[in-house]
Structures are given as structure tokens and as C-alpha cells.
Amino acid sequence: SIQRAMGELMQSRTTPKERRQRTYRRGELILLEANAVLYVEDGILATTMIHQDGTEVLLGLSGKGQIVVAHPDDDCHIQIVAHTASKVQIEPWETAIDHPDFSLKLKVRLQQIEGWAAMQARPSLPQRVLGILGLLAGQFGWVQEQGTLIDVRITHAQLASAVGSTRTSITRVLSELRDTGKIMIVSAQGEDRYCLCDKNLAEDHKCR
């Protein structure tokens with residue numbers, strides 16, 4: 001995967017500046033030029049930040065129809081990984097801004113980043129967990145009888161990295177949220193999915 005990503009990056013520096021389609025397997029690292037804009041055609045991408053000690057922080061997920069703007073080569077150590085098998089379009093900023101829907105997609109992207117940061121800043125761990133789940137429900141949710149099903153797999157470890165906690169603490173908080181009727185765990189295609197109860201979604205899917 002690393003060899004392939006490096007090959008694509010080197011190719012992008014020598015080929016004409018035009019929109020290119022790429023497919024990635026789950027878990028593959030996606031390398032972009034500093035001025036590149038990525039359009040998600042299918043699948044889900046995860047944006048993460050890696051600390052010097054190897055600790056990974058989940059900064060958000062991007063799904064079909066959304067864009068991801070490349071981060072410059074600096075000390076932030078931000079990377080993009082295919083959360084699921086994905087198909088994307090990549091093109092330079094100079095041509096991307098000419099698309100009529102670019103400004104709207106960029107607006108949505110900025111709102112998503114701000115919302116994620118706001119939920120991470122909530123004072124208590126249960127609030128942070130509910131806040132992140134609420135944002136994911138807004139992106140990937142399907143309204144059902146019992147609430148809003150978040151149709152994306154997210155592990156306890158990923159939730160822990162998103163809210164600055166440990167996997168053990170996340171397991172405890174999720175259990176408490178289930179006991180109080182704020183979330184449900186639903187099995188879908190052999191994997192667990194979180195479902196936010198309607199009352200909880202109305203109260204907690206807000207940036208306060």
C-alpha cells in the first residue's frame with residue numbers, strides 16, 4: 001500500500017494537472033499533493049493525526065459527495081486513510097474551484113470540521129461521545145423506527161481516539177448510554193452499528 005501510494009504521488013508530480021480517478025482498499029493510505037482536492041465518489045475516508053509517540057487521533061470521516069482538501073507537508077502529521085473500499089476523484093485546486101458546486105462542498109467541509117472540534121471540546125466524556133455520534137448520524141444516518149442508525153462501522157478504539165480517551169473508558173461510557181436508553185447497538189451485515197434514539201438525537205446533535 002505504501003509503495004502504491006508513493007508511486008501515485010510521484011506520478012501526480014509528472015503527469016498533466018487534470019482530474020484523476022483512484023480506487024483504494026480499506027486501510028490504504030492516500031497521499032495527496034499540497035494543492036490537491038479529493039472528491040469522494042464512493043466509500044468513506046478517515047482523516048487522522050499521528051502524534052510522535054504513534055498515538056492516532058481521529059479528526060473526522062468523509063463520505064460520498066464530500067471533498068477533502070490536502071494538508072501541507074508540515075509538523076501536523078495529518079493523513080487520509082480509506083476507512084472502507086473507496087473510489088475518489090483527485091484534481092488540482094486551480095481547476096477544482098471552477099466547478100459550480102465547489103463552494104457549497106467546501107462550506108459543508110468547513111462546517112463538518114468545526115462541528116467535530118466543538119464536540120471534542122465538550123467538558124464530559126459522555127457528552128463528547130454523544131456529540132461525535134450525533135455528527136456521524138448527520139452524515140451517515142438512516143432514520144428508523146427506533147431512532148437514527150449510523151450506517152458506518154466505528155470501533156471503540158476509533159471513538160476513543162476521536163474524544164481523547166481510552167478504549168476501556170469508551171466501553172464503559174457506551175454501556176452507560178445503552179442502559180439509559182440513549183443509544184442502541186444494532187447488528188448489520190455481521191458488524192455492530194450504533195443507533196441514536198430520537199430523543200437523544202434532538203437534544204445532543206447540536207453545537208452548544
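Note that OH of Tyr39 is 4.5 Å distant from NE2 of His99, once rounded to the nearest 0.5 Å. Rounded to the nearest 0.5 angstrom, Gln139 CD and Trp116 CH2 are separated by 7.0 Å. Distance check: Leu38 CG to Ser86 OG gives 9.0 Å after rounding to the nearest 0.5 Å. From Leu61, atom CG reaches atom CD of Gln112 across 8.0 Å, with rounding to the nearest 0.5 Å. With rounding to the nearest 0.5 Å, the separation of CZ in Arg172 from OG1 in Thr168 is 9.5 Å. Note that CH2 of Trp93 is 10.0 Å distant from CG of Asn35, once rounded to the nearest 0.5 Å.
Heavy atoms only, all atoms of each residue included: Gln79 and Val81 are closest at NE2-CG2, 3.8 Å. The heavy-atom pair separating Gly181 from Cys197 by the smallest distance is O-SG, 2.9 Å. The two atoms that bring Val129 and Val163 nearest to each other are N-CG1, 4.1 Å, heavy atoms only. In terms of heavy-atom proximity, Thr84 sits nearest to Gly43 at OG1-CA, 3.4 Å. Ala82 approaches Tyr24 most closely through the heavy-atom pair CB-CB, 3.9 Å.
Between Arg193 and Asp151, the closest side-chain pair of non-hydrogen atoms falls below 4.5 Å. Contact check for Val88 versus Leu45: side-chain heavy atoms found under the 4.5 Å cut-off. At a threshold of 4.5 Å between non-hydrogen side-chain atoms, the residues His83 and Arg26 do not count as touching. Looking at heavy atoms from C-beta onward, Ile183 lies in side-chain contact with Leu130 at the 4.5 angstrom threshold. In this structure, the side chains of Trp142 and Thr148 stay at 4.5 Å or more apart for every pair of heavy atoms. Contact of the Leu125 side chain with the Ile170 side chain is registered, since non-hydrogen atoms from C-beta on lie closer than 4.5 Å. Counting heavy atoms from C-beta outward, Val173 and Leu159 have side chains that stay 4.5 Å or more apart. Using a 4.5 Å cut-off on side-chain heavy atoms (C-beta onward), Val186 and Gln146 make contact.
By the rule that hydrophobic residues join a cluster once side-chain heavy atoms approach within less than 4.5 Å of another member, Leu106 and Ile97 end up as members of one cluster. Met119 and Tyr194 end up in the same hydrophobic cluster when Ile, Leu, Val, Met, Phe, Trp and Tyr side chains are linked at under 4.5 Å. Ile185 and Ile150 fall within the same hydrophobic cluster, defined by Ile, Leu, Val, Met, Phe, Trp and Tyr side-chain heavy atoms under 4.5 Å apart, directly or through other members. Hydrophobic clustering (ILVMFWY, side-chain heavy atoms < 4.5 Å, transitive): Leu196 and Leu174 are in one cluster. No chain of hydrophobic side-chain contacts below 4.5 Å, direct or via other Ile, Leu, Val, Met, Phe, Trp or Tyr residues, connects Ile67 to Leu135.
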Derivation and outcome, side-chain contact (heavy atoms from CB on, under 4.5 Å), residues Met49 and Glu56: CA-CA 6 Å; Met49 189 270 284; Glu56 186 171 325; over 6 Å; no
Working for side-chain contact (heavy atoms from CB on, under 4.5 Å), residues Leu32 and Val69: CA-CA 9 Å; Leu32 300 175; Val69 178; over 6 Å; no
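Test Leu136, Asp192, Ile44 against Ile154 for side-chain contact (heavy atoms from CB on, under 4.5 Å) and you get one pass: Leu136. Of the candidates Gln127, Arg122, Arg128, Gln127 is the only one forming a side chain to side chain donor-acceptor pair (under 3.5 Å) with Ser124.
Partners of Gln21 by side chain to side chain contact (heavy atoms under 4.5 Å, CB included), not counting sequence neighbours, listed by chain and number: Glu41, Lys87, Gln89.
Judged purely by atom type and a 3.5 angstrom limit, Ser175 has no side-chain atom pairing as donor or acceptor with the backbone of Thr171. Gln66 places a side-chain N or O within donor-acceptor distance of the main-chain N or O of Gly63, the cut-off being under 3.5 Å.
Between the side chains of Ser62 and Arg109, at least one donor N or O sits under 3.5 Å from an acceptor N or O.
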